[in-house]
K.L.:
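There's a structure below that I have some questions on.
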Amino acid sequence: MPRWRFVKQDNDNTAAVASIKDVADCAARADAQVRSVLLGVMAQRRSAAVAFDYVAGLSPETKANCWSIAESAGHEGWGRMQALLGSYRWDWRALRTQLPGLAAAWIPDAEGDLIGPGIAIDETAQLKHGDATACVAPQHAGCTGQVENCVSAP
């Protein structure tokens, strides 16, 4: 009889290591694609690096403010995140055209599914006159495709 029949093999540890490695490889590929997209739309490489840190710093546990996101991303202060949101130059139209392809590449879609992969990118904004409503500011309004005085809505 072959010797391998008498050896009890414990494949649980091997399977766990393989699946952890698979997830890590998948995450690394996704990160590389996101970095590539950001490099294509940001005016400078260092701007793209800060934008990636911003995306990587987002999580359900992180409050949506520059200090918390900067801390989550490993930055010493909030300055770069604030500059990213306030003054960095980037092409939002180019980013918007690439997002559906990026999402489709990573979110599975069954053949013949008419609804799609289960993600919607909605840039809804409520146009406002004046500044009496909280968070009203000149900002990109998805409904018009221009910078308008509005409130962005989820």
Side-chain angles (χ1 to χ4, degrees), residues 15-154:
V17 169
S19 63
I20 290 170
K21 184 179 182 316
D22 291 342
V23 169
D25 290 345
C26 183
R29 286 193 311 272
D31 286 353
Q33 284 185 329
V34 170
R35 284 181 196 274
S36 175
V37 167
L38 291 172
L39 282 169
V41 299
M42 302 300 291
Q44 298 179 2
R45 292 184 74 78
R46 64 182 178 191
S47 300
V50 173
F52 181 80
D53 289 347
Y54 181 88
V55 171
L58 295 173
S59 72
E61 298 83 33
T62 304
K63 292 183 180 180
N65 61 54
C66 287
W67 182 258
S68 297
I69 294 170
E71 190 175 71
S72 177
H75 290 224
E76 291 181 19
W78 54 266
R80 288 184 185 159
M81 294 299 169
Q82 187 67 44
L84 170 69
L85 299 175
S87 62
Y88 282 14
R89 289 186 15 230
W90 57 286
D91 186 352
W92 63 266
R93 286 182 180 95
L95 179 62
R96 189 173 68 177
T97 60
Q98 293 186 32
L99 286 178
L102 190 61
W106 289 99
I107 300 173
D109 186 16
E111 180 98 19
D113 182 3
L114 300 178
I115 296 173
I119 188 170
I121 299 169
D122 185 9
E123 298 175 356
T124 305
Q126 297 173 345
L127 300 180
K128 298 288 183 179
H129 301 286
D131 58 2
T133 306
C135 300
V136 169
Q139 54 192 320
H140 178 261
C143 55
T144 65
Q146 299 177 18
V147 174
E148 306 262 358
N149 201 39
C150 65
V151 175
S152 294

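Throughout, residue positions are numbered sequentially from 1 according to the sequence presented.
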K.L.:
As an exercise, state the distance from OG of S68 to CG of L58, rounded to the nearest 0.5 Å.
P.N.:
11.0 Å
K.L.:
When the side chains of residues 30-48 are checked against the rest of the protein, which donor-acceptor pairs come out under 3.5 Å, sequence neighbours left out?
P.N.:
unit_1, atom_1, unit_2, atom_2, d
Q33, OE1, W106, NE1, 2.1
Q44, OE1, R46, NE, 2.8
Q44, OE1, R46, NH2, 3.3

K.L.:
Report the residues that fulfil side-chain contact (heavy atoms from CB on, under 4.5 Å) with V136, sequence neighbours left out, ordered by chain and then residue number.
P.N.:
K128, T133, N149, V151
K.L.:
Where do A70 and G77 come nearest, in terms of heavy atoms and distance?
P.N.:
CB-O, 3.3 Å
K.L.:
Please find the pair of heavy atoms, one from G57 and one from S72, that lie closest to each other, and give the distance.
P.N.:
O-OG, 3.0 Å
K.L.:
Would you say that Y54 contacts L85 through its side chain, given a criterion of any heavy-atom pair below 4.5 Å between the two side chains?
P.N.:
yes
K.L.:
How many angstroms lie between atom CZ of R80 and atom CD1 of I69, to the nearest 0.5 angstrom?
P.N.:
15.5 Å
K.L.:
How far does CG of L84 sit from CD of Q82, to the nearest 0.5 angstrom?
P.N.:
9.5 Å
K.L.:
So D53 and M81, do their side chains get closer than 4.5 Å, heavy atoms only?
P.N.:
yes
